[in-house]
Amino acid sequence: MQNGRLRLQSILLPRAEICEVEELYFHRNADDSVLDLDGFFNLFSVDKWRKYTAIDNLHLSIVCQGFSELRIMNERNVVSSVSLEADTYKEYDIEFPYNNEDLKRVLWFRLIKGNAEDAGSSFSHGEASQQATPEAPAQISSQQPASQIAQADGFACARSQALAEVGDKAASNIPDIKAYFYTDTTNVKLRPVDIAADICTFRREQYVYRNIKQLKDSIFDDEELEVREHFQVYIVDNGQSIGADAKLSELIASCKGKVTVFPNKNAGGTGGFTRGMIEAIKAKDRGEELSHILLMDDDAVNEPDAIVRTYALLRTVRDEWKDAAIGGAILREDSKHILQENGPILSDWRVVFPTVGNDLSRYKNAASDYITKPDETINRSRYSAWCFCCFPFSTVRKDNLPIPLFLHYDDIEYGIRNSGHGLILLNGICVWHNPFGLTLASTNAYYDTRNRLISKALHDKNAFKGLINCFKEASVPVFLYLARYRYEDIELVKLAFDDLLKGPRFIAETDPKLILDTVGKTKTKFLPLNEAKGLTKAERAQVQQYIEGISKEQVLDSIYKGRSKRVYFKNLLPSKRFKILSTSDSPYNYFGYKKEVYVEPHSGHIFVGRLKLGELFKALLMVLRYTFIFQSKGKKLKAEYKKGFKRLSSQEFWEEYLR
């Protein structure tokens, strides 16, 4: 912080190593005379800063050349304008009308070259008619071979390719601007904030190197940032392999004590993140002035300014929100303008992703209520994934750690458990991650089933209550895999039910690697087409044609639109013989086909499933059996988990568990 200034958020521009989609940052008109800094990363969410923080003023510090005018904008309206000296590379300090209660939602600014009376009227800020980015076809041509699609940025959609091409052409024409929003803290109560980032990894040194390099370049080495002195990184090394990577070790050493590596037992993501929490608690006990811990995925692409914004929020947060978590949005790594999630909602312990698939390069989406409007009340059904989620140490305590779920539902259980403190989401606090939903891994059959039911037993008063609820708990995971003819995975669901019924003692006393090994031996296997058996020559040719025609974008589009869960038993008629599906298609519509081939679009691997009436009746009997088991033992089971919860979430337990 310089002279009482606290940087709230930087004005960001496209960068090759992070994101080159310029429409996430700004929009420009056809002749490049108007530049609107109204992208997802550069909007200032005035309603959220007012609600969550105590700041009472807003300034823009900007250094630029070549522009004659700067206009302060509220949504699409001009608030005021400032004349600039186009011929001089000059610094300006401009006060924004932060305290004008008539100004809502978002503030941003427009830069103008020359004299433009109707500046901004000729383009539509990321919409289809915008001249700067021609609209591309909705999907990759179905005639393009899968091998060529794979080379095109991992099956990236055509619109993403078009944006990337525009970004490449514009790379040499990125405006020469250095700017940031800040607040004068003279009359603002500042809280002491020191953040430890907790990154769990298992033999992904290349990802860890990328992220540490970005943090070093953008945070640790930037002397203008106050946060650089109040931020450090813990790397929890579940694979115990980082020390053997000379390049990564050299980078860590160059961070001069800002990055610490902790070799750890492979107890999954839960065990890794919890080890980082414990090390942070121990550091506090030794006198380090830590206030928050930030959980970050090792394989996500991080926007370093998310750290700047998180720090500023925490420094100025109001008393009623001081114990809230700060969550990050997740965008797609392959199509970086597409939103995957932003504070998902849990409905009956199933995750709902509002506005999934939204194109954030379009102003109307980036400035929508879902992105810019603060929660009016603390919403107990929302959480943030651990790709980016920051908790205060009033939450992360020796007696309030995660429970040993290994993987999946750990972030959900912990987030919902502590959701009474609230969740703050802000544009620009985000990461990019590989698309979700392209595969339905067999390990999910076990961990999703077991961990969801454990979480419900702990926190849902209606869990295992009543015959209908018990039937739903027993049937939903079974039918999910039954409809896909993945009978091996139904065995994993059965194993999940059995391990659940063994109670918390089994979870606490069983080596998690033994469970993982058992799950790994019983799973559906996707194979290259030339290795798959059970297809006729004609069927194999059809599958090959399907693989060459399918794009990942088509698959994700079916996920975003939702999958039907209606079962068509009429398909059991003998006339229904053969069907090809992607892994994202709803299998329920096609249940009953004698043979179904499921294709993973990103790999081209397939699984050949066959309708087996014996397995069908076996699965139905299994559902009935566990329905009555849950009905008879559910009350006792919930009591056991609630009794064991205190120990499972304690530092004492975890230190013994991780030995």
Taking all heavy atoms of [X] and all of [Y], pick out the closest pair and write down the distance.
| X | Y | value |
| --- | --- | --- |
| Pro97 | Val79 | CG-CG1, 3.8 Å |
| Tyr98 | Asp56 | CD2-C, 3.8 Å |
| Thr270 | Pro402 | CG2-CB, 4.1 Å |
| Leu425 | Gly328 | CD2-N, 4.4 Å |
| Arg105 | Ala367 | CD-O, 3.1 Å |
| His292 | Cys390 | CB-SG, 3.7 Å |

From [X] [atom1] over to [Y] [atom2], what is the distance, rounded to the nearest 0.5 angstrom?
| X | Y | atom1 | atom2 | answer |
| --- | --- | --- | --- | --- |
| Leu6 | Ile55 | CG | CD1 | 8.5 Å |
| Leu13 | Ile11 | CG | CD1 | 8.5 Å |
| Arg309 | Glu303 | CZ | CD | 7.0 Å |
| Arg50 | Arg318 | CZ | CZ | 10.5 Å |
| Asp399 | Ser649 | CG | OG | 7.0 Å |
| Ile330 | Glu341 | CD1 | CD | 3.5 Å |

By the definition side chain to side chain contact (heavy atoms under 4.5 Å, CB included), identify the one residue from Leu360, Leu43, Asn342 that meets it with Asn427.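 Going through Leu360, Leu43, Asn342 one by one, the side chain to side chain contact (heavy atoms under 4.5 Å, CB included) with Asn427 is satisfied by Leu43 alone.
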Inspect the surroundings of [atom1] in [X] and state if more than 12 heavy atoms from other residues, nucleotides or ligands are less than 6.0 Å away.
| X | atom1 | result |
| --- | --- | --- |
| Tyr207 | OH | no |
| Asp319 | CG | yes |
| Lys284 | NZ | yes |
| Glu652 | CD | no |

Between Phe44 and Phe96, is a ring-ring contact (aromatic ring centres under 6.0 Å, His included) present by the stated rule, with each step listed? CA-CA 11 Å; Phe44 189 86; Phe96 272 52; 8.0 Å; no
N-O pairing of Glu17 and Arg15 below 4.0 Å: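 No, no charged N to carboxylate O under 4.0 Å.
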Do the side chains of Glu224 and Lys178 get close enough for a salt bridge, i.e. N-O under 4.0 angstrom?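 Looking at Lys178 together with Glu224, the answer is no, because their closest N to O distance does not fall below 4.0 Å.
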Side chain to side chain contact (heavy atoms under 4.5 Å, CB included) against Glu85, all qualifying residues, sequence neighbours excluded: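 Glu85 satisfies side chain to side chain contact (heavy atoms under 4.5 Å, CB included) with Thr88, Lys90, Tyr92 only.
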According to side chain to side chain contact (heavy atoms under 4.5 Å, CB included), who are the partners of Asp194, at least two apart in sequence or on a separate chain?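 Asp194 satisfies side chain to side chain contact (heavy atoms under 4.5 Å, CB included) with His230, Glu289, Leu290 once adjacent residues are dropped.
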Is it true that a side-chain atom of [X] and a backbone atom of [Y] form a donor plus acceptor pair closer than 3.5 Å?
| X | Y | answer |
| --- | --- | --- |
| Asn74 | Val106 | yes |
| Ser368 | Asn365 | yes |
| Thr183 | Asn57 | yes |
| Trp432 | Ala300 | no |
| Arg397 | Ile281 | no |
| Thr185 | Gly4 | yes |
| Lys373 | Asp47 | no |
| Arg110 | Met73 | no |
| Asp411 | Ser384 | no |
| Glu69 | Val82 | no |

Is there a side-chain contact between [X] and [Y] in this structure, where contact means two heavy atoms from C-beta onward sitting under 4.5 Å apart?
| X | Y | value |
| --- | --- | --- |
| Phe109 | Ile62 | yes |
| Asp297 | Phe273 | yes |
| Asn77 | Leu103 | no |
| Leu294 | Ile307 | yes |
| Val301 | Val431 | no |
| Asn434 | Asp334 | no |
| Thr274 | Asp410 | no |
| Phe181 | Trp49 | no |

Consider only side-chain N and O atoms of Asp305 and Ser10, and report whether a donor and an acceptor are under 3.5 Å apart.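 Asp305 vs Ser10: donor-acceptor pair found between side chains.
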Is there a donor-acceptor contact under 3.5 Å linking the side chains of His59 and Asp184?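 Side-chain D/A pair, His59 to Asp184: absent.
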Check the orientation of Tyr25 and Phe41. Use parallel for under 30°, tilted for 30 to 60°, and perpendicular for over 60°.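 Correct class here is parallel.
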Could you go through the side-chain contact (heavy atoms from CB on, under 4.5 Å) check for Phe391 and Asn400 one step at a time? CA-CA 12 Å; Phe391 291 105; Asn400 189 45; over 6 Å; no
Quick one: do Phe40 and Cys430 satisfy side-chain contact (heavy atoms from CB on, under 4.5 Å)? Show the steps, please. CA-CA 11 Å; Phe40 170 73; Cys430 69; 4.1 Å; yes
Could you walk me through whether Leu346 and Ile416 pass the side-chain contact (heavy atoms from CB on, under 4.5 Å) check? CA-CA 9 Å; Leu346 206 64; Ile416 296 300; 3.8 Å; yes
What verdict does the side-chain hydrogen bond (donor to acceptor under 3.5 Å, both in side chains) test give for Ser394 and Asp323, after you've listed the backbone C-alpha separation in whole Å, the side-chain angles of each residue and the deciding distance to 0.1 Å? CA-CA 7 Å; Ser394 57; Asp323 294 322; 2.7 Å; yes
List the atom pairs, donor and acceptor, that lie under 3.5 Å between side-chain atoms in residues 247-265 and the rest of the protein, sequence neighbours left out.
residue: Ser249; atom: OG; partner: Ile242; partner atom: O; Å: 3.4
residue: Ser249; atom: OG; partner: Asp245; partner atom: O; Å: 2.9
residue: Ser254; atom: OG; partner: Leu251; partner atom: O; Å: 2.5
residue: Lys258; atom: NZ; partner: Arg228; partner atom: O; Å: 2.9
residue: Asn264; atom: OD1; partner: Arg275; partner atom: NH1; Å: 3.0
residue: Asn264; atom: ND2; partner: Asn238; partner atom: OD1; Å: 3.0
residue: Lys265; atom: NZ; partner: Tyr657; partner atom: O; Å: 2.9

Set out, in order, the CA-CA distance, both residues' side-chain angles and the distance that settles side-chain contact (heavy atoms from CB on, under 4.5 Å) for Leu314 and Arg191, then state yes or no. CA-CA 7 Å; Leu314 297 175; Arg191 298 180 184 277; over 6 Å; no
